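Accompanying notes for the structure given below.
These numbers come from a predicted model, not from an experiment.
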Amino acid sequence: MTSTNCGLPRYGTGKLRSNKSFLVRKRFSPPGPQTVPESCPGYWQWFLIAGWMGIWILAVGWAQAAAPRVLPPDQKPKDSRLGPLKDLNGYFPMQVSKTPEEWQVRAERLRRQVLVAAGLWPMPTKAPLNAVIHGRVDRPEYTVEKVYLETFPGYYLTGNLYRPKNRSGPGPAVLSPHGHWPNGRFYDAGEKQLAEQIKKGEEKFDPSGRYPLQARCVQLARMGCTVFLYDMVGYADSQQLAHRAGVRPEMNTMENWGFFSPQAELHLQSIFGLQTYNSIRALDWLSQLDGVDPKRIGVTGASGGGTQTFILCAVDDRPAVAVPVVMVSTAMQGGCTCENANYLRIGAGNIDLAALMAPRPLGLVSANDWTKEMDTKGFPELKAHYTMLGVPDRVAHWAFLQFPHNYNYVSRSVMYLWMNRWLQLGQKEPIVEEPFQPLSKEEMTVWDDSHPRPPGGPDFERRLLRWWTEDAQKQLQALVPKDAQGLEKFRCVLGGAVDVMIGRRLPAPDQLEVVSVGAEARQGYRLEKLLLRYKPAQEEVPALLLRPANWQNGRLTLVLHPEGKQALFEAQGQPVPMIMELIQKQAEAVLLVDLFGQGEFTDDGKPLAKQPLVGAPKEPWQAYAAYTYGYNHPLFSKRVHDVLTAVAAAKQPTIGAQKVRLWALAGAGHWGAAVCAQAGQALEEARLQTGGFRFRQLNQIDHPDFLPGGAKYLDLPGMLALAAPLPLVIEGENPADLAVVQAAYQAAAASDRLQIVSPAR
């Protein structure tokens, strides 16, 4: 981490206007002298009474009220989010940072994004790998052994270890993930395909062309490298889990779930994350292996193995050189479930993720596939990126557009040159593959009578995810702060994750535009129709500003409701009494908005009942949530974005608020919690009615509040805790369920700024 605060905003130390002590109360009965404690004077007395009024008002059915519109009835906001969702076949250009300092900030955010997406934030507890090496096969210049590593309890990563002979002292090594070749590590192209490839110039001879995965390992070993060729999930010897089992009803349970289920997504558990962790653990093992220099380790793979290559190098700074082949481009980003994860490519693409390798040497190979435009789209940006960092010679690109998707002889040849140069192998060039004796499947396979295949299947899958869940919860619970230093670490980890999940902080003034589209004078106040625009993303939020005739205190209350702004008006078009009380008695302005998917964003004015998803899946694996949420913000996050826009816009000259507080009513408190976590420093205070909402209660990936990762980070209480020390009232919660929130406020020396109002019994 670049700092203990993870680059996240620090929070102010405002106080409740009442300055009263910490209070926990039950929800009140109809207003009267007995409903407000004597210790709750003035403003907070109004606050609690207004809360009861708001709940009562909303209960009588005004959600269908005829509210004033900002836009004509047949018009929706000019908002980019109303267009098609982005998918893995979109266009993903890289915006090159202007300075190394600017890149350092972006790089920290991108690495954290990948780790959160992979379910590796925080990293799972690393236990001993219990490495087993056996079955040595002796060749004249190298040896090959069978390896399995226990990366998760009971789960094994399998592969073959190639070691050079006659090498003195620690030397270089290469990690080699194989990609989606049939049978993976056991791949055999066959005689017919080999003949065709030799005829086209893709390969030179047998057996190198018939066994290209073995060929690159053998050649690198002959060049002096220790090479670990390891399996992807569900390939070759790794059969405990299916590679892309997809959505299965029997795994979509609230307890003891499996991969691809809503609960797995709510905890950010994926095959992508498992494979990324396998690569990290393989690197752990290889770095400590006898005969390996940990500062001279390269990584190379093609296709899905290319994805594993640049993802490992994005999150781990130990690899010294990388060559991801036929994968990095501005076009298709990776079609398999193992190459996708929620949040992974929101605001970024494979070019950005590969750029995290810098300033370490990066070699890229393209073919006549989705990488074919790299010469003009992608590589120029990477070259400019490395040039900006002062190391233009450390990035290279070879385009072999005469060949289809491959890791053929021609591609392997340039990889050898790159490894030779940057791993300082000292080999005479050109480097030419020579014949070798290929291994049989029996000589490669890890499992035998003395080393039996470990159990797998559905029950094992459930146990694995249960361990992953419990381990994460144990680590996160240990972060519940006890003092100011602990609060900083809590914000770094939980706040860092929420920052990725929401994907936006408070907009800067120059990113906003507030446009007035009409106004009318009403009794005691002026109603203004506004469009709040967030320019970088071309978003437009309809808003109503109710400005008191005698507005002089500069205070404004932003009010949220699950049904949108229409729920806060009576059938006659007048604001509900709660809002009128704010305007007339408190002389405060009120800002009402339709968040994305509410009110003026929809055809019938009703909130979206389901989130739209990418595509129409034909196979169970194509229903994977990350094909949507890996490229698009969840609806929950989009709505939080709109609130952040409104908070920032309230202080623009067109509106002119000096102090802004947030009211999130009738169960809208979960959006408010995220706003406070991301921009609590911009608020004077907040009042959140959560209705006891928890992300873990959701079991449909198209639920409008479905937020991948939402359950993992101590659920809504964890998000609420990030508000400290913002003055905060939480309604609809039992205090015993919010221990983490109370701990955070106590650690911030702000217990007097937190109130929890229990639900009525």
Ignoring hydrogens and geometry beyond distance, is a side-chain donor-acceptor pair present between [X] and [Y] at under 3.5 Å?
{"X": "Arg345", "Y": "Asn350", "answer": "yes"}
{"X": "Trp671", "Y": "Asp642", "answer": "no"}
{"X": "Gln746", "Y": "Ser751", "answer": "no"}

Pairwise side-chain contact, [X] with [Y], heavy-atom cut-off 4.5 Å (strictly under):
{"X": "Val643", "Y": "Leu662", "result": "yes"}
{"X": "Phe272", "Y": "Asn340", "result": "no"}
{"X": "Thr469", "Y": "Trp257", "result": "yes"}
{"X": "Ile346", "Y": "Asn632", "result": "no"}
{"X": "Ile280", "Y": "Leu120", "result": "yes"}
{"X": "Pro319", "Y": "Phe310", "result": "no"}

Query raised in the report: Is the cationic atom of Lys86 (NZ for Lys, CZ for Arg) positioned less than 6.0 Å from the six-membered ring centroid of Phe92 and within 45 degrees of its normal?
Result: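 The answer is yes; both the distance and angle limits are met.
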
Report task. Report the distance from atom CD1 of Ile351 to atom CD of Gln333, rounding to the nearest 0.5 Å. Result ->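 Going from the CD1 atom of Ile351 to the CD atom of Gln333 covers 7.5 Å.
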
Would you call [X] and [Y] a salt bridge, taking side-chain N to carboxylate O under 4.0 Å as the test?
{"X": "Lys489", "Y": "Asp483", "result": "no"}
{"X": "Arg106", "Y": "Glu102", "result": "no"}
{"X": "Glu539", "Y": "Arg504", "result": "yes"}
{"X": "Lys535", "Y": "Asp510", "result": "no"}

Contacts of type side-chain contact (heavy atoms from CB on, under 4.5 Å), residue [X], not counting sequence neighbours:
{"X": "Glu461", "value": "Leu241, Arg248, Met251, Phe259"}
{"X": "Asn252", "value": "Val247, Ser261, Pro262"}
{"X": "Asn130", "value": "Pro128, Glu150"}
{"X": "Pro536", "value": "Gln511, Tyr534"}

Report task. Check Gln689 against Glu731 and note the closest heavy-atom contact, atom names and distance. Result ->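 Heavy-atom minimum between the residues: NE2-OE1, 3.1 Å.
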
Report task. Could you tell me whether Tyr277 and Phe152 have their ring centroids closer than 6.0 angstrom? Result ->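 Distance test on ring centres: under 6.0 Å, yes.
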
Requested in this report: Could you point out which residue of Val114, Val500, Val315, Val493 forms a side chain to side chain contact (heavy atoms under 4.5 Å, CB included) with Trp121?
Outcome: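 That would be Val493.
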
**Report entry** Gln95, CD atom: more than 12 neighbouring heavy atoms under 6.0 Å
**Finding:**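 Open.
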
Query raised in the report: In terms of heavy-atom contacts, does NZ of Lys651 have more than 12 from other residues, nucleotides or ligands at under 6.0 Å?
Result: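 Yes, enclosed.
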
Query raised in the report: Backbone N or O of Tyr343 within a donor-acceptor pair of the Gln113 side chain at under 3.5 Å?
Result: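 Yes, Gln113 side chain to Tyr343 backbone: donor-acceptor pair under 3.5 Å.
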
Query raised in the report: Which residues pass the side chain to side chain donor-acceptor pair (under 3.5 Å) test with Ser279, sequence neighbours left out?
Result: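 Ser279 satisfies side chain to side chain donor-acceptor pair (under 3.5 Å) with Tyr230 once adjacent residues are dropped.
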
Report task. Determine which pairs satisfy salt bridge (Lys or Arg N to Asp or Glu O under 4.0 Å) with at least one residue from residues 114-128, sequence neighbours left out, and list them in order. Result ->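 Applying salt bridge (Lys or Arg N to Asp or Glu O under 4.0 Å) to every pair that reaches into residues 114-128, excluding sequence neighbours, yields Lys126-Asp284.
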
Requested in this report: Would you please test Leu556 and Ile655 for side chain to side chain contact (heavy atoms under 4.5 Å, CB included) and show each step?
Outcome: CA-CA 9 Å; Leu556 178 145; Ile655 296 177; 3.7 Å; yes

Query raised in the report: Would you call the rings of His670 and Phe693 parallel, tilted or perpendicular if under 30° counts as parallel and over 60° as perpendicular?
Result: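 Ring orientation, 0 to 90° scale: tilted.
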
